[in-house]
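For reference, the structure is listed below as structure tokens.
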Amino acid sequence: MATDKRAERIARFIEPLRVKPGSRVDLTEDFDPAFKAGIKKKKDGVELLQTGVELLADYQRRLAAQDTHGVLVCLQSLDAGGKDGTIRHVMSGVNPQGVHVAGFKVPSAEEIDHDYLWRYAARLPARGEIGIFNRSHYEEVLVVRVHPEILDRQKLPPEARGKGLWRRRYREINDWERYLTDNGFTVVKMFLNLSKEEQRARFLRRIDVPERNWKFSASDARERARWDDYQRAFSQMLSATSTEWAPWYVIPADRKWFARICAAAVLAHTLIEIDPRYPEVSDEARRQLADVKRDLVKEAPKGAAPDPYLASADRKGAR
Ligand code: AMP
Ligand code: MG
């Protein structure tokens, strides 16, 4: 399929997932974790995922070659939402050299000693790279909001606390992302939206399968008990921080295979919009290449093709 056709198809596919800037989101009402866009079975979605993964690999090479833009992907979800598996599948086709994954856990003492965005800024992608945040600066308005005791530990001066704190953080985050966007770093944010029942099933699997035990901790169960508080915090976050320059996508996450298709599509769309190009070689550089080529061709030993690459390309063409 031609690239424009694919690009159009992807844009149409992800449209319902995008949170319209300025809209008020109520997660429980507005987004269905089991949505699958009319695709009935996992096998019916294979081709679509493949298309997304191939596009990504191609565009990532161009992004790296052009070395002008960077992409920051922020992944958020509740526990067992499928962040790790999504990263593994969606990035399966891309060159590992061009991708960096940064995971964020409970902050260290050193991190707490800085402003709250410091540790995220330190792990941003460079130009030409795709950086993936597995959890992100959004934890600062999620887990920190649901657990005020974490905020207490952040050593904020009194004037930085009190009423309006969350609204201020939303604004600061929007401003920071605007700054990144203005300077060539596209920010794309995905929330893997899991239902409470599917989380229950995945937790049980982590408990039942010994090889998965390590993925489960008692704190996961404690967080689950705060389900409604998290849904509220996510709803407010989505409403306040889906912007024209860095929109949120709510990814239906109850079916892992569908979530992966969506994530690949969102990322492919982002790269298509950036439209990175291989650098043009100057006339002078082209002349130099021709000179070197002439010398290399002359070096061909007896019996060898003067230019083995062209010779094999000719053979392939003739077939
Ligand atoms: P996991 O991703 O399962 O390894 O868990 C990481 C844990 O770190 C989660 O429970 C997060 O809520 C927690 N975490 C991530 N960022 C922060 C933060 N800024 N402050 C406090 N806890 C955090
Ligand atoms: Mg966990």
Side-chain angles (χ1 to χ4, degrees), residues 27 72-91 100-124 131-156 160-161 165-166 168-174 176-177 187 189-194 196 198-207 209 211-238 240-241 248 251 253 256 259 263:
L27 207 46
L72 173 65
V73 183
C74 299
L75 270 184
Q76 288 292 155
S77 79
L78 282 167
D79 291 308
K83 297 187 296 294
D84 297 330
T86 300
I87 295 171
R88 203 167 57 241
H89 281 78
V90 171
M91 305 317 278
H100 290 279
V101 183
F104 295 98
K105 305 196 181 255
V106 177
S108 68
E110 189 192 16
E111 288 168 344
I112 293 267
D113 247 350
H114 290 267
D115 63 278
Y116 73 92
L117 289 177
W118 181 78
R119 68 170 181 158
Y120 307 99
R123 317 242 353 228
L124 286 170
I132 301 177
F133 280 1
N134 184 345
R135 299 186 189 270
S136 69
H137 48 294
Y138 283 99
E139 291 293 336
E140 304 295 335
V141 293
L142 292 167
V143 68
V144 182
R145 184 164 194 181
V146 172
H147 296 280
E149 67 277 13
I150 299 180
L151 190 64
D152 291 339
R153 271 186 254 124
Q154 289 194 340
K155 307 194 351 187
L156 295 169
R161 297 208 44 169
L165 172 89
W166 304 112
R168 207 188 67 233
R169 281 202 173 183
Y170 292 144
R171 175 177 54 76
E172 288 159 352
I173 288 172
N174 287 341
W176 188 55
E177 292 176 356
V187 182
K189 304 172 312 203
M190 300 190 223
F191 167 57
L192 301 179
N193 186 27
L194 187 71
K196 198 171 183 187
E198 181 60 23
Q199 189 193 51
R200 188 177 78 90
R202 290 186 191 176
F203 276 2
L204 281 168
R205 182 153 169 246
R206 289 179 177 187
I207 294 167
V209 181
E211 290 77 18
R212 290 184 181 265
N213 285 173
W214 66 273
K215 274 220 160 197
F216 190 77
S217 72
S219 74
D220 293 347
R222 277 200 301 277
E223 294 307 294
R224 176 175 167 82
R226 305 292 301 274
W227 183 271
D228 292 341
D229 296 327
Y230 271 106
Q231 295 294 305
R232 243 191 317 276
F234 275 115
S235 297
Q236 296 193 7
M237 171 201 81
L238 292 167
T241 61
W248 271 105
I251 310 284
K256 289 179 178 174

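Just so it is clear, the model here is predicted, and its values are computed rather than measured. In listed order, ligands and their atoms are each counted from 1. Scope of the values below: all heavy atoms of this structure, side chains included, with no hydrogens, waters or symmetry mates.
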* **Selection residues 81-91 - residue pairs positive for salt bridge (charged side-chain N to carboxylate O under 4.0 Å, His left out), sequence neighbours left out** => D84-K215
* Structure fact -> Nearest non-hydrogen contact to atom 10 (O) of ligand 1 from the set K105, E111, R222, R135 belongs to R135
Within ligand 1, which atoms have a heavy atom of [X] less than 4.0 Å away?
| X | result |
| --- | --- |
| F104 | 15 (C) |
| P107 | 18 (C), 19 (N), 20 (N), 21 (C) |
| Y120 | 19 (N) |
| R119 | 16 (N), 17 (C), 18 (C), 19 (N) |

* Asked: Backbone or side chain, does any N or O of V106 fall under 3.5 Å from an N or O of ligand 1?
  -> yes
* Test of proximity, E140 against ligand 1: N or O pairs below 3.5 Å -> yes
* Asked: Could you state the interatomic distance from CH2 (W166) to CD (Q236), rounded to the nearest 0.5 Å?
  -> 10.5 Å
* So with a 6.0 Å cut-off around CZ of R168, is the heavy-atom count from everything else above 12? -> yes
* Heavy-atom neighbours of R161 CZ exceed 12 at 6.0 Å -> yes
* Asked: Would W248 and Y138 count as a ring-ring contact (aromatic ring centres under 6.0 Å, His included) if you check the C-alpha gap in whole Å, the side-chain angles of each, and the deciding distance to 0.1 Å?
  -> CA-CA 12 Å; W248 271 105; Y138 283 99; 4.8 Å; yes
* To do: Find out whether the Lys NZ or Arg CZ of R123 is both under 6.0 angstrom from the six-membered ring centre of F133 and within 45° of the ring's axis.
  => no
* Asked: Hey, does Y138 sit under 4.0 Å from ligand 1 if you only count heavy atoms?
  -> no
